[in-house]
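Here is how names work: the chains are called A, B, and so on, in the same order as the sequence lines, proteins then strands, and each is numbered from 1.
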Amino acid sequence: MDEIRKIYSILYDSYGPQGWWPLLGLKGGVNPTKTGSVNGYHPGDYSYPRNSAERFEICCGAVLTQNTSWPQVEKALLALKDEGLLSSTAMHYSDVEKIKPRIKPAGYFNQKAQYLKELTSFFINLRGVPRRDDVLGIKGVGDETADSIMLYAFGQASFVVDAYTHRIFTRMGLVEKDAKYLEIKKMFEDALATDVELYQEYHALIVEHAKRHCKTKPECEGCVLKEICKY
DNA sequence: TTCCAGGCAATAC
DNA sequence: GTATTGCATGGA
């Protein structure tokens, strides 16, 4: 489907590189075309993560952001870091009850604290790059979180589908409203070259577009995809 | 006040 | 295999 590539071009030309995945401690390139905070983003720089600590931070963020906005996740990550808990070993040997109050801003803190602990066991046993199925085996990690981890933490070309992707491409007329996760994922991977940077950028652009225009209640005024959208 | 946010697992058919 | 429900905080 050529539309998939065309939409990418429009979004990239309109919004520019998004600099995902955000990391604490980065100044983040100034990117005035982006909504919200630019903290931690690194537009045009695909060299992250640069070490194991950053890799673990991305995985934690991927779990914490489930059904939760990023500013709330940032608060939780900072709180963990303040307590010295944002490392796989420190968190692994920490009591789960010590994690809970730190991640409260991200919601579902009882579940997510346990999920983070599951992550630490995975990390400690991990050698090299995991398979998607290995990541999916972690309790608390479903399709989207697994793909986020593969794509942004391990630099593997695994396309991420989220609620925004489903919403935008359903409205565009390219996805059925009851389409399965893996069907949508395959559609993108079949249409695009197998390219990590492209996958990283496309997913981030989808999120940006959903925040700007393709909201729950769409704001089609000024939408850059308006001409080719069936909504 | 109500709705929404970068989902997931458990449960019920 | 598909549909429903609980999980929770905080901003708009």
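- In this structure, A:Ala163 reaches the sugar-phosphate backbone alone: every heavy-atom distance under 4.0 Å involves primed, P, OP1 or OP2 atoms, never a base.
- For A:Trp70 and B:dA5, the CH2 to P distance is 17 Å, given to the nearest whole Å.
- The nearest whole Å value for the distance from the OH atom in A:Tyr108 to the C1' atom in C:dA8 is 6 Å.
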Are A:Lys186 and A:Glu189 close enough, and set up right, to give a salt bridge (Lys or Arg N to Asp or Glu O under 4.0 Å), and what steps lead you there?
CA-CA 5 Å; A:Lys186 184 178 184 336; A:Glu189 293 185 348; over 6 Å; no
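- Between A:Thr145 and B:dC8, a side-chain N or O to OP1/OP2 separation shorter than 4.0 Å is present.
- The phosphate of C:dG11 (OP1 or OP2) has a side-chain N or O of A:Lys75 nearer than 4.0 angstrom.
- A:Gln72 and A:Lys75 share a donor-acceptor pair across their side chains, judged by distance under 3.5 Å alone.
- Looking at heavy-atom distances under 4.0 Å, A:Gln111 makes contact with a base.
- When heavy atoms are screened at a 4.0 angstrom cut-off, A:Val141 is found touching the sugar-phosphate backbone but no base atom.
- A close approach under 4.0 Å does not occur between any side-chain nitrogen or oxygen of A:Asn67 and OP1 or OP2 of C:dC7.
- The ring of A:Trp20 has its center no closer than 6.0 angstrom to the ring center of A:Trp70.
- Put simply, A:Lys180 has a side-chain N or O that comes within less than 4.0 Å of OP1 or OP2 on C:dT2.
- The residue A:Ile138 sits close only to the backbone: its heavy atoms come under 4.0 Å of sugar-phosphate atoms, none of a base.
- Taking the six-membered ring for Trp and the full ring otherwise, the centers of A:Phe188 and A:Phe169 sit less than 6.0 Å from each other.
- Comparing C:dA8 with B:dA10, their P atoms are spaced 14 Å from each other, to the whole Å.
- For the pair A:Gln72 CD and B:dA5 C1', the computed distance is 9 Å after rounding to whole Å.
- Taking atom CD of A:Gln114 as the reference point, atom P of C:dG6 lies 22 Å away to the nearest angstrom.
- A cation-pi geometry, defined here as NZ or CZ lying under 6.0 Å from the six-membered ring centre and within 45° of its normal, does not hold between A:Lys185 and A:Phe159.
- Atom pair A:Leu119:CG and B:dC8:C1' shows a separation of 13 Å (rounding to whole Å applied).
- Taking atom CD of residue A:Gln66 and atom P of nucleotide B:dA10, one finds them 13 Å apart after rounding to whole Å.
- Residue A:Asp178 contributes atom CG, which lies 17 Å from atom C1' of C:dT4 at whole-angstrom precision.
- In this model, the phosphate group of B:dA5 is approached by a side-chain N or O of A:Arg167 to a distance below 4.0 Å at OP1 or OP2.
- At the phosphate of B:dA5, neither OP1 nor OP2 sits under 4.0 Å from any side-chain N or O atom of A:Thr65.
- In this structure, A:Lys139 reaches the sugar-phosphate backbone alone: every heavy-atom distance under 4.0 Å involves primed, P, OP1 or OP2 atoms, never a base.
- Proximity note for A:Thr216 (side chain, C-beta onward) versus C:dG10, B:dC8, B:dA5: the nearest is B:dA5.
- In this structure, the OH atom of A:Tyr115 is 10 Å from the C1' atom of C:dG6, given to the nearest Å.
- Seen from the ring of A:Tyr48, A:Arg50 counts as a face-on cation partner, given the 6.0 Å and 45° thresholds.
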